[in-house]
Structure formats: C-alpha cells, structure tokens
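In what follows, every chain begins at residue 1, and chains take the letters A, B, ... in the order their sequences are listed. When reading the values below, keep in mind they use all heavy atoms of this one structure, side chains included, and skip hydrogens, waters and symmetry mates.
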Amino acid sequence: MSQQIPKNYDHAAVEDRWYAEWERAGVFEADPDPDKEPYCIVMPPPNVTGALHMGHALNGSIQDALTRRARMKGYEALWLPGLDHASIALQNVVERNLMRDEGKSRFDVGREDFVERCRDFADESRSQILGQLKRLGASVDWRRLRYTMDERYVDAVLTAFVDLFNEGLIYRENRITNWCPHDRSAISDLEVNYEDVDGKLYALRYPLVDGLGPGPDGKDYAQVFSTRPETMLGDTALVVNPHDGRYTDLVGRRVLVPFVDREIEVLADDYVDPSFGTGVLKVTPAHDPNDFEIGQRLGLASVNVLNPDGTVSENGGPFAGLDRVEARSAVAARLDDDGLLGEVRDYRHRVGHCDRCGAVIEPWLSEQWWCSMRELAEPAIKALENGEITVYPDSWRRETIRWLENIHDWNVSRQLWWGHRIPVWYGPDGEVIASKESPGEGWEQDADILDTWFSSGLWPFATLGWPEEGEDLVYFYPTTLLSTAREIMYLWVARMIMMGLRFREGVPFGKVNVHSIVLAEDGTKMSKSKGNTINPLDLFDQYGTDAVRFGLLYQSSTQDFAYSYERAEMGRAFVTKLWNATRFVLSYPEAEEPGDPSPADRWILSEFNRTVRDYDAFLEECEFSEAMRRIYSFAWNQFADWYIEIAKATPSTATPRVLREVFSGILRLLHPVMPFATEEMASIMGEEGLLATQRFPEYDPALEDEDADGLLDRTKRAVSAVRSFRAESKVEGGLEGVLPDGIDEGVFAALAGVKPVETPDGASRASLPAGDLVVEILLSEEMRRGEIERLRREISHAEKEVKRSEGKLANEKFVQNAPEKVVAGEREKLDVNAGMLETLRRRLDEYL
RNA sequence: GGGCGAUUAGCUCAGGGGUAGAGCGCCUCCCUUACAAGGAGGAGGUCGCUGGUUCGAACCCAGCAUCGCCCACCA
C-alpha cells in the first residue's frame, strides 16, 4: 500500500482542497452554545491598503494555531476575521496612484469622486487579502467577516462618538496640533516619527525700536537662535528667563519683527533655558507647542503664518505664497541683506515626519475635536494592574500602564476624506450637537472625519454586534486573547481596553500576546522602499504553507527576529519526515493477536504523554518557539529515531496499536500548527472524519511510566555507546558483548547489533562507558588496533570527571550549603566515574 | 534626556543558580525496503566586559561597552 503513496508530500496538490473541505463542513463556524465554553480571538484587521506581509503571516499562524487548538479542545472557538478601512493609510495610497496615473491631486477630483476611488481600491484589496488568509489556512468564521466601513460598524462608531460627546468627553478646541501639510490634516502624536535631520541654527536679530538705547552687550538688537526662521513672521513676543541677570534690562523693552512690521515686547518666563543659544527665545504661539503654552500664560496673540498646505499665509507679509521650505531660506536671505542675520550653525536636531506620507510635520494652531483621556485611562490602568488582562510578555503590560499614566488628550478629528464623517451638526442658529443622523433642514455636518484608530478602538465589541446587546456579544465578549504587534500597543491595544471598559464595563480580552516583529534577513526592518520585503505567498508556494507556519512559530518569541529561510526549510523537512512516517505506519502490519505493551511501547506512550503536557502548556503561555521545539524533538528524535526503529526490530504484539496511537496523537498535536499536511496524513491513515474536528490529546498522569522510561533511557545510551564505538573503530558487522544490567536486552541486541554472551573467559574486550553503564564488547584481534588510544581517551575523560567531583565534595561549604539532592547527585556521579575509571584502567593494563 | 530589551557554536536563534542547546553550515561513514528534504557518528562556545552576591553565576545584582526599540515640547 505504501508503494502507492508518493515519497514526498506535495503541498500544492492538497492545500486548497483541504481548505475547501473545512469550509464545506463548516468547521470554522462558531455560534453561541450554552453547553460549551467560548473561545474567541478577534483578528487585528489588516488594512485594505494592499497585500499581507510577514507580520500578518506570523500573527495569523499564531492565532490560527490557538484557535484550532481550542476548537479541538472542545471550546466553541471563534476566530473572527475583519478588515480596516485604514483612513489615512489608504487615502495616501490612492492619492499616490492618482498622481501617478492621472497626474491629479485629490483636490482636482473632489471629495465625492475621491472617496469613490478609495472605496474601489478597498474592494480590490479586500478580495486579495481574503484570498491570502485562505492560503494561510486561517480557520476564521467567514460568515462573520467585519469591515470598519460596514453599515453596522459605522453605526457603532457613530454611537460611540455621540455617547462620548454627550458625556462631555469629546470637545472642540483650538490648539497646536501636528499638522501634515501634504495630507492637509492634523495627525496624532503617535503618528509622528521623529528623525534626526541635519539642519541649521540661525541667529535672528530683532532691532530694538523703543528708543531707549542699546540693549545687551551694547547692541541695538536682541539676538535669538531658531531652526525655523520663517516662523519669525508669527512671533508675538521674545522671552528671557526672569533669573537671567544678563537680560534684566531687556525685559519690558520693544523690538521689531522684521518684514511684518510688528512691534513685540520682551517678556520673562521660567520656561526659557538661559544656557541654550543666547538665552532669548522667540515666541510663535501658532507654530510651536511650547510657545503656545507660553502665549497662554502671558496672554499673547497667536499669528498663524502658514496655510494648511504649508505655504506662507497672508500673515507672512512679503513671503506669502512661498512654501515653508522656500520661505526659510528666503527669510534668512532677506535678514542677511538687512544685516539682521547673525551666525548660522550646522545643527542636527529631531524633526517630526508624517508616519504615512513622510512629509515634515508643522506644529499648527487649528480647531480640532479632542477626546479627554484621563477618565477613560483610569479603569484601564486598574485592569492592567490587577491582572484582569495578562500580557505576554509582562513587560508590555507595565509599559502600557506607564503610557496610560502619562496620557494626553486625543485628537480624534482629521481633515481627510476617507473615513467616518464626524457626526457633529451645526444648526442654523449656531447650535452644535452630535447626532447619528441629520437633525433636519438647515443643519450642516462637520467636514472632518475620525482618526482611523477611533473606529478600531471599538473592534472587539463592535465586531460582535455592539451597540446591540445580542447573543454573540454576550457569549463571546470578553474575547479570550488578542495577538498583535508591539508597534500598535498604544495606538490600538490601549484604546481598545479603554473603550471596552467604557462601553462594555469589562476588558475586551483576557490575554494579550505581543509577538515579534519579523525583520528582513539582514536584521533590519522590512520596507518596500528598501526592497527587502519577503512575500509570504512566495514562501507558501516554495515550501508549503505548513512548513512556513511551523518555521515562523519556531522563531517566534518576545524578541524580534531576522527571518531565516532555514526555518522554512526546517519546517519542510519536518513535514517530509512526518509524511514518511505516515507511509511507514500505514504499511505496518496489524498484530494477529494484540497483547500487552512491551517496555518500549510503554516508554513511547509515557514520553508522548509528557510531550502533550509540555507542548500544551507552552501554547497556553504563548511560548510558541518552545512548543515547536518540544513537539519537533519528540516526533523526530524520540518517535522516528527510536520508536520506529524498535518497531521494526523488536515489535511486541501491542506495537501496531501503540505505533498508530502515538502517531495519530502527533498529528493531532501538530494540526493547529500544520493543518494542511496533518489533515492529509490523517486522511491517508484512514482516520474517520476531519482531523480538524477531532480531540486534542490530553495529558494523562496514568501513562507516566518511570520504569519503562528508565529502562529505555539506559538502553538508548548503551546502543549509542556501541554505535560510537563502531564509528570510531570502524567496526562493521555483528558483535558479541556482555550486557549491563537494567537495559532492554532485546532492543539493545537488535539496534546495537550485539549478541549477548555469557561471561567470556580470557577474551579481550572493550569497555564502553554509557553514562552510568558500561557495555563490554568482545574484541577480535584486528579490532584491538586503536583500542589503547581509545581507552586512554576515555580514562582521561573519566579522570577529569572524578577530579571535578572530588574537588566539589572536598569543599565543606558545598557539602554544607548545597541542597542534599545536589550533594547526593554529586556523590553518585563520583561513584559511577570512579568505578568506570577503575574498569578502564584494568582494561588498559590488559593491553599493555 | 528618560525607559525597555539584546549581546550564547561559523550563521539564525532557544534556554536559564548545580558539568552549555536546536536548526543550518562543517568533518567521517552510509542511496540498509518510512524518509538522501534522510540515517549513524563527530568537531566546534572561558554564554559582551568589569566587579559583586552565592558553597556554586552563562543565569541574580551593579557598572561599562556595543546594538536595537519605545517615550519626551528644548528653541
């Protein structure tokens, strides 16, 4: 029969077929069932901006493994799939395409048309992503696919906003925000990337114009250092530190802001650091957050000198219309012409860039909608502190608490087009209300949309039907676990916790798994611009999806890791190994009269049982790498390397049953990780029904068998000792020998190729150390060559061991302080090695 | 400027108070009827540096060095 099964597993031929089969059988569908416990993972929704990347493949592998395992354990397991409209991200992609293909900006086509294009792009991207998830083998309940722009989801978003608004937690205020001139929108603090940039520090001179004579150092101007001379146009004061003796006389005097002919006053404020620059600071309340605060304190006016697109506004006098970058050099040049430019230094400093489009961010005064966070953060902090949410690894729990403790109010409005329109309406008589629908004739809706993270913050419950208090929500919420990348812990995870506690009076998930970031092979971040991305689909094609999944989980830990193709190769080799084991097990004859298990049978059952225990525990704790190592080494190094060999050589009448049982167990354990290949193997094995619906093995203490474990452990060591001897001494063929006590003689004889003999008289023999055992092999004349050298090596090794043990035991403090178990262990080691040494020396004497 | 993490075999990485682990790569032998994407046997690490705690440190603590990440309003 095995002849009909090809020697290699062909992933391409089976993966799609099994996925269709699972779907047809409704394996992935989950519905509230009072007789079962719920297990629910809500998928972090991929952005509908394009294809899935390695991070998705890793997180998908994690979530799928956990969901499939839970399903096999008898939970009503739901993995809920979804997609995110990705407001700013998608808008940027569509804008770029529009510019590339038609040379138009979004303003050229208008809001309505542009949103239509975004929708089309999202649709296309959506089908691509769903196809990829299927290739991954994602066991999601497709009936429940959610999208943040679905009608029902939009309703949830609006409901949440209106509620927060009516509770006074959302308010409108004029403040400094991070303004992206390219997107012409405010963005949140978290979406600003600061990079070190080589810039310049310009010394700007403000002429004293109050006619009171020279200022500091006898100069007729006050000098200030700035990296952004163009903001000078919006200056409304200069400030010095009140304790700065150099400038006591300067305070209260008046200077002129060049070009705009504005006289401003020199004031004092503690914020100023006397040691920086000249110790005089220019205050531009509309373009710097610190300046804004100073302005508030000192009651200064704010003059906004930039248009939304980053050009200088009409407030900028002669520079109006110039882009901010042009304006910078233009202002500097004009100052220079007028003798008002001092030193210009090279200066490396941090500049904020838009996370999405890369444009330099301008602090810009504008009216935005803000969400008060303090009140929302408090319960979230408590939940994290008191362990309502377990985070793997725990360090991220503490980090999140820290972030929540220092939280700032959240700017939730965006001046973008693709997203949820803010449900605030302005009435004909100046009324402002929040409402899901238009309050009526003459009311106008706010033009802004919501930050994309506002909608995703509701994800764990809005996907389950909230605000409707349906069966699904009651049954599956709170969800069991959220698995996510660290980079969105604050952006997303923290907000879900806050929103969950706000709207559901309970944490959204009991556990959070923070997975690694998959780096490129060279250890740097993957990025399209660097061209070092790896497409998971290509890997699936090349190695098979299961192999890639195994490899990813094997590498997954709390550390980021450089992706290594070797891990996929390892996974592929593992699949092949199991595939061939399938062929072997399948071809293995049934027992004519099944009987009692041999020690070897009991050993592999015992070993399997421990594997179940450890593997399951590792998965439970999200220690995927450890789990993979455990199952891999059992399946390969114990089951295949030893038990199958034993089954070939010295089967018992129970071996056919045990062999099949353990192998079937291995397939079940591995199914959550390698669903396609294991399903195919189980099918070939003739197992009834789908593997995906079968029970996950459970640890059974009754199967622990210390006697069999000890026996086989010693036997394996003895066999290995003989094999080493054969390889080193280049001995082939059968051997005779004296067997040590406490080993399985049948197994030993068969696997070591050693025929047991009674005490041989006078024959030369080799003593082979095997841990605490000695195997004695009868030597023929020609085999004796090299034996002296081997013995000397062994003796030297044994001497070292004895010396080490003796030294340790001679140390009184060790004997006194070390645990008794350790001391006793050391004594035993000494005994064994001393005995060994004696035997070896005696043997050597015989040869000399 | 703060905080977090990393530094272990040639490479990619696990582990973690009681004589160092995996995969790949390397060396020797083997196409033996589950499997050459394989089998058997090997070689190869003073676990970044310096101190400390301990009977015992690769592991705990402190400092340092290098790398990475996160947070922060210094012009």
Side-chain angles (χ1 to χ4, degrees), chain A residues 2-3 5 7-9 176 189-190 194 201 224-228 231 239 271-273 275-284 288-294 347 349-350 363 393 395-396 398-399 402-403 406 486-487 489-490 517 519 521 523-525 543 547 551 554-555 557-567 569-588 623 625-626 628-629 632-633 637 640-641 644-645 647-648 719-720 723-728 730 732 800-801 804-805 808 811-819 821-823 825-826 829:
Chain A
S2 68
Q3 298 90 316
I5 301 171
K7 274 172 112 173
N8 289 319
Y9 167 72
I176 292 281
D189 295 347
L190 294 169
Y194 289 90
L201 197 54
V224 179
F225 276 98
S226 170
T227 53
R228 296 184 294 158
T231 61
V239 283
Y271 172 79
V272 181
D273 175 0
S275 67
F276 187 93
T278 58
V280 185
L281 176 68
K282 61 192 268 312
V283 187
T284 322
D288 184 284
N290 295 311
D291 292 9
F292 183 74
E293 274 177 34
I294 295 170
Y347 189 65
H349 63 134
R350 294 175 78 69
S395 53
W396 272 97
R398 300 193 300 267
E399 289 290 334
R402 220 178 315 234
W403 184 79
N406 296 307
R486 65 188 46 157
E487 52 199 353
M489 280 302 282
Y490 311 138
I517 292 171
L519 304 171
E521 273 190 291
T524 63
K525 273 199 173 181
Y543 298 98
Y554 191 94
Q555 272 205 293
S557 74
T558 59
Q559 290 303 309
D560 295 345
F561 61 88
Y563 186 74
S564 151
Y565 288 91
E566 281 168 17
R567 293 283 96 89
E569 280 164 19
M570 185 184 182
R572 183 174 57 184
F574 191 30
V575 169
T576 306
K577 189 75 181 173
L578 294 165
W579 178 257
N580 284 299
T582 306
R583 297 170 62 224
F584 175 78
V585 173
L586 200 56
S587 67
Y588 198 78
E623 299 199 40
S625 179
E626 282 302 298
M628 295 311 105
R629 285 163 205 277
Y632 178 92
S633 85
N637 303 121
D641 286 352
I644 283 185
E645 293 310 311
K648 285 181 196 168
V719 170
S720 294
R723 286 175 176 171
S724 290
F725 172 74
R726 281 177 182 280
E728 272 177 59
K730 306 215 185 315
E732 286 175 15
K800 253 183 235 156
E801 287 304 304
R804 197 189 54 80
S805 291
K808 244 181 157 177
N811 180 350
E812 261 177 56
K813 285 181 178 169
F814 170 71
V815 179
Q816 258 168 31
N817 296 321
K821 227 176 91 185
V822 174
V823 178
E826 203 58 50
K829 262 186 248 169

Just to confirm, is there a sub-4.0 Å distance from OP1 or OP2 of B:rA36 to any side-chain nitrogen or oxygen of A:K7?
-> yes

Regarding the side chain of A:R723, the nearest nucleotide among B:rC35, B:rG18, B:rG41 is B:rG41

The reported gap from CD in A:E566 to OH in A:Y554 (rounded to nearest 0.5 angstrom) is 11.0 Å

Using a heavy-atom cut-off of 4.0 Å across all strands, would you classify A:I176 as base, sugar-phosphate, or nothing? nothing

Worksheet entry | Nearest-angstrom distance, C1' atom, B:rU19 to B:rA58 | 13 Å

| task | Determine the interatomic distance between C1' on B:rA43 and the same-named atom on B:rU28; round to the nearest Å. | result | 10 Å

Worksheet item: Considering only the C1' atoms, how many Å lie between B:rA14 and B:rC47, rounded to the nearest integer?
Response: 13 Å

Among B:rA14, B:rA37, B:rA72, the one nearest any side-chain atom of A:E626 is B:rA14

From OH of A:Y632 across to P of B:rG21 the rounded distance in Å is 17 Å

- Query: Under 3.5 Å, is there a donor-acceptor pair between the side chain of A:R567 and the main chain of A:A547?
  - Reply: no

Rounded to whole Å, the CE-P distance (A:M570 to B:rA37) equals 17 Å

**Message:** What's A:D291 touching, base or sugar-phosphate or nothing? Going by heavy atoms closer than 4.0 Å.
**Reply:** nothing

Checklist line | side-chain N/O A:N580 vs B:rA34 OP1/OP2, d < 4.0 Å | finding: no

For B:rU19 and A:K829 - does any side-chain N or O of the residue sit under 4.0 Å from the phosphate oxygens OP1/OP2? yes

Closest of B:rA72, B:rC73, B:rC35 to the A:R350 side chain is B:rA72

query = NA contact type, A:Y490, heavy-atom cut-off 4.0 Å: base, sugar-phosphate, or nothing?
reply = sugar-phosphate

Whole-Å distance, A:E569 CD to B:rA36 C1', equals 15 Å

* Asked: Looking at A:K577, does any N or O in its side chain come under 4.0 Å of the phosphate oxygens OP1/OP2 on B:rG39?
  -> yes

| Any donor-acceptor pair under 3.5 Å from A:T227 side chain to A:L201 backbone | no

Run the numbers on A:K525 and A:D560 for salt bridge (Lys or Arg N to Asp or Glu O under 4.0 Å), then give the verdict. CA-CA 10 Å; A:K525 273 199 173 181; A:D560 295 345; over 6 Å; no

What pairs of nitrogen or oxygen atoms, one from the protein and one from nucleotides 9-13 of chain B, lie under 3.5 Å apart?
| residue | atom | partner | partner atom | Å |
| --- | --- | --- | --- | --- |
| B:rU12 | O2' | A:Q555 | NE2 | 3.2 |
| B:rU12 | O2 | A:R567 | NH1 | 3.1 |
| B:rC13 | OP1 | A:A562 | N | 2.7 |

Exercise for review: Check every strand shown and say whether A:P819 touches a base, only sugar-phosphate, or nothing at a heavy-atom separation below 4.0 Å.
Suggested key: base

By nearest-nucleotide position on RNA chain B, the 5'-leaning member of A:L190 and A:A640 is A:A640

| said: Give me the distance, rounded to whole Å, that separates B:rU7 from B:rA34 when you measure between the C1' atoms they each carry. | reply: 43 Å

With a non-hydrogen cut-off below 4.0 angstrom, is A:Y347 in contact with a base, only sugar-phosphate, or nothing? sugar-phosphate

A:R804 and A:E826 ion-paired at < 4.0 Å
yes

Among B:rU19, B:rG41, B:rA34, the one nearest any side-chain atom of A:S720 is B:rG41

Contacts of A:I644 and A:F225 projected onto RNA chain B by closest heavy atom; the upstream (5') one is A:I644

Of B:rU19, B:rA34, B:rA40, the nucleotide closest to the side chain of A:R804 is B:rU19

_Mind checking if A:D273 touches a base, just sugar-phosphate, or nothing, with heavy atoms under 4.0 Å?_
base

Examine B:rG42: is either OP1 or OP2 under 4.0 Å from a nitrogen or oxygen in the side chain of A:S724? Give yes or no. yes

(message) By the 4.0 Å heavy-atom rule, please label A:E645 as base, sugar-phosphate, or nothing.
(response) base

Taking the P atom in each of B:rC61 and B:rG5, what is the distance between them to the nearest angstrom? 10 Å

Looking only at side-chain N and O atoms, does A:S633 offer a donor or acceptor that is under 3.5 Å from a partner on A:R629?
no

When rounded to whole Å, the CE to P distance for the pair A:M628 and B:rG23 reads 16 Å

Residue pair A:T576 / A:K7, side-chain donor-acceptor N/O under 3.5 Å:
no

Between A:P819 and the options A:V823, A:N817, A:V822, the side-chain contact (heavy atoms from CB on, under 4.5 Å) test singles out A:V822

To the nearest angstrom, the NZ-C1' distance between A:K813 and B:rU53 comes to 13 Å

Between A:K813 and A:N811, the two heavy atoms sitting closest are N-OD1, 2.9 Å

With rounding to whole Å, what would you report as the distance between B:rG48 and B:rA6 at their C1' atoms? 11 Å

- Expressed as a whole number of Å, how far does the C1' atom of B:rG15 sit from that of B:rG45? 15 Å

Point to revise | Ionic contact status for A:R228 with A:D288, cut-off 4.0 Å | key: yes

In whole angstroms, the gap separating P of B:rC73 from CG of A:N290 amounts to 8 Å

Here the distance between atom P of B:rA6 and atom CZ of A:R486, to the nearest Å, is 11 Å

*With no angle test and no hydrogens, is the base of B:rA34 tied to the side chain of A:K648 by a donor-acceptor pair under 3.5 Å?*
yes

Would you confirm whether A:Y588, through its side chain, and A:A647, through its main-chain N or O, come within 3.5 Å as a donor-acceptor pair?
yes

All stems that RNA chain B takes part in, i.e. 3 or more consecutive Watson-Crick or G-U pairs with distances under 3.5 Å, are B:1-7 with B:65-71, B:10-13 with B:21-24, B:26-30 with B:38-42, B:48-52 with B:60-64

A:K730 NZ to B:rA40 C1', in whole Å, measures 13 Å

Worksheet item: How are the rings of A:Y347 and A:H349 set to each other: parallel, tilted or perpendicular (split at 30° and 60°)?
Response: tilted

### Task
Pick the P atom in B:rU8 and in B:rC60, then give their distance to the nearest Å.
15 Å

According to the interplanar angle, ranging from 0 to 90°, do the rings of A:Y490 and A:W403 count as parallel (below 30°), tilted (30 to 60°) or perpendicular (above 60°)?
-> parallel

